[in-house]
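Down below is the structure, laid out as structure tokens.
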Amino acid sequence: MPADPTATANVAIVTGGSRGIGRAVVERLARAGLDVTFTYLANEAKAKEVVRGLSDAGFSARARCVDARDAAAGKAMVESVIAERGRLDVLVNNAAVIADKLLAAMTLAEWDKVVDTSLHGLFGTTQPAAKQMMRQRRGRILNLSSVSGVSGMPGQTNYATAKAGIVGFTRSLAVELAPFGVCVNAVAPGFVDTEMLAGFSPAQRQAAMASVPMRRFAQPDEIAGLVAYLALDAPSYLTGQTIVVDGGFTA
């Protein structure tokens, strides 16, 4: 997205930005010159590490503790950033959790934790962001989905439901905001070498990698590179799309 000549720095919000893909996105956007606010939930030390690293390098980032399951808290966070900075140019909805289990054994709490984190958080942050971007008549919203939202994965009915919901949300919102010059797209990664894979046994990792034609997992920065491109450089005619980045897994 070309820089707004009336602004000293474009403003971005990234949810779930203290680790994994979210952290890589925060670092990419901050190093591109954006004023970045990101959220975290449990690991304050990691969040401070991200802020300190970017600050020491001369870039701007702030961390806010927000539970993505609380839509009201997400809304309040976005509204406070807009009030403080006077604008919002990029929103990246990345916060997510997993609680894998076969549906027959899944508890309602495990279902709610995963679905609420992705979908309540999505609504809470995006509604005030969309209103601001409509007023500005510019902005970009990026939503992190997953190959689980487009291809069946055993043991992930909760996660797949949440990530498929993000795809539908992206398409509908893109149509709503297109007349205002606001782009809404989603990125659906395959296996990414983050903490989410930490629970895999060596045998599970080997089987997962064997299912990917490239025979490797993605690195977080590879996904962040695409997110940053969509946020900053992609054509303004590109909206309503879900771009799969999976090493050929769903080809």
Side-chain angles (χ1 to χ4, degrees), residues 1-4 7-41 43 46-64 66 68 77-78 81 85 87-96 118 121-122 125-126 129 133 138-147 166 170 182-197 216-236 238-239 241-247:
M1 179 174 55
D4 182 347
T8 55
N10 282 354
V11 176
I13 293 173
V14 180
T15 67
S18 65
R19 59 191 177 90
I21 294 171
R23 176 173 182 164
V25 171
V26 168
E27 292 174 344
R28 279 265 187 167
L29 295 181
R31 291 180 182 277
L34 277 70
D35 183 299
V36 183
T37 298
F38 69 91
T39 67
Y40 69 96
L41 178 57
N43 200 329
K46 281 286 187 184
K48 287 182 175 180
E49 179 183 295
V50 175
V51 172
R52 184 169 56 252
L54 288 168
S55 178
D56 289 348
F59 302 105
S60 178
R62 287 163 307 284
R64 303 272 184 94
V66 178
M77 179 273 298
V78 172
V81 171
R85 304 297 172 184
R87 61 183 305 104
L88 179 61
D89 301 281
V90 176
L91 171 65
V92 181
N93 287 302
N94 169 72
S118 287
L122 189 67
T125 57
T126 307
M133 291 176 181
R138 69 189 307 275
R140 301 215 168 166
I141 297 172
L142 287 309
N143 303 317
L144 269 293
S145 181
S146 166
V147 291
I166 288 171
T170 297
V182 178
C183 299
V184 186
N185 290 291
V187 173
F191 293 107
V192 183
D193 206 0
T194 68
E195 291 178 22
M196 279 196 174
L197 295 186
R216 69 176 180 87
F217 298 147
Q219 294 302 308
D221 195 58
E222 292 181 281
I223 310 304
L226 176 58
V227 173
Y229 169 74
L230 291 171
L232 303 174
D233 299 317
S236 59
L238 175 61
T239 195
Q241 303 306 304
T242 297
I243 302 176
V244 177
V245 190
D246 66 359

Practice item. Write down the atom of G22, the atom of N94, and the distance for their closest heavy-atom approach. Key: CA-ND2, 3.3 Å
Check your understanding: Is there side-chain contact between T15 and V66, with heavy atoms separated by less than 4.5 Å?
Key -> no
Review point. N93 and G121: which non-hydrogen atoms are nearest, and at how many Å?
Key: OD1-O, 4.4 Å
Practice item. Kindly give the heavy-atom pair with the smallest separation between V90 and A231, and that separation in Å. Key: CG1-CB, 3.8 Å
Check your understanding: Roughly how far, to the nearest 0.5 Å, is OG of S60 from CZ of R31?
Key -> 13.0 Å
Check your understanding: Is the backbone of V50 close enough, under 3.5 Å, to the side chain of R23 for a donor and an acceptor to pair up by distance?
Key -> no
Practice item. Using atom types as modelled and distance alone, determine if a side-chain donor or acceptor of D193 lies under 3.5 Å from a backbone N or O of A218. Key: no
Point to revise | With D89, the side chain to side chain contact (heavy atoms under 4.5 Å, CB included) member among N10, D35, L34 | key: N10
Practice item. Output yes when a side-chain donor or acceptor of E222 lies under 3.5 Å from a complementary backbone atom of P220, and no otherwise. Key: no
**Study point:** Under 3.5 Å side-chain donor-acceptor pair for T39 and R64
**Key:** no
Review point. So, does S145 use its side chain to make a donor-acceptor pair with the main chain of V187 at under 3.5 Å?
Key: no
Exercise for review: Determine yes or no for a side-chain-to-main-chain donor-acceptor pair under 3.5 angstrom, with T37 supplying the side chain and I13 the backbone.
Suggested key: no
**Study point:** Approximate separation, where rounding is to 0.5 Å, of N143 CG and T125 OG1
**Key:** 8.0 Å
Point to revise | Test side chain to side chain contact (heavy atoms under 4.5 Å, CB included) applied to R140 and V92, step by step | key: CA-CA 8 Å; R140 301 215 168 166; V92 181; over 6 Å; no
Practice item. Could you walk me through whether V25 and L144 pass side chain to side chain contact (heavy atoms under 4.5 Å, CB included), step by step? Key: CA-CA 11 Å; V25 171; L144 269 293; 5.7 Å; no
Practice item. Measure across A188 and T242 and return the closest heavy-atom pair with its distance rounded to 0.1 Å. Key: CB-CG2, 3.9 Å
Practice item. Spell out, as yes or no, whether a donor-acceptor pair under 3.5 Å connects the side chain of D221 to the backbone of A24. Key: no
Exercise for review: Specify the closest pair of heavy atoms between G33 and A9, including all atoms of both residues, with the distance to one decimal.
Suggested key: O-CB, 4.0 Å
**Study point:** Donor-acceptor side-chain pairing of N43 and S18 below 3.5 angstrom
**Key:** no
Exercise for review: Locate the shortest heavy-atom distance separating Y229 from P235; write the atom from each residue and the value.
Suggested key: OH-CD, 3.5 Å
Review point. Do L91 and T126 pass the side chain to side chain contact (heavy atoms under 4.5 Å, CB included) test, and can you show the C-alpha distance, the side-chain angles, and the key distance before you say yes or no?
Key: CA-CA 8 Å; L91 171 65; T126 307; 3.7 Å; yes
Practice item. May I have the step-by-step check of side chain to side chain contact (heavy atoms under 4.5 Å, CB included) for I141 and M133, ending in yes or no? Key: CA-CA 9 Å; I141 297 172; M133 291 176 181; 3.7 Å; yes
Exercise for review: Just jot down the salt bridge (charged side-chain N to carboxylate O under 4.0 Å, His left out) partners of K46, sequence neighbours excluded, or say none.
Suggested key: none
Exercise for review: Look up atom CG in N185 and atom CG in L238, then write down how far apart they are to the nearest 0.5 Å.
Suggested key: 4.5 Å
Exercise for review: Say whether, by atom type as modelled, one donor and one acceptor occur between the side chain of S55 and the main chain of V51 under 3.5 angstrom.
Suggested key: no
**Study point:** Atom CZ of R19: over 12 foreign heavy atoms under 6.0 Å
**Key:** no
Review point. Hey, what do you get for CZ (F38) to CG (L54), rounding to the nearest 0.5 Å?
Key: 8.0 Å
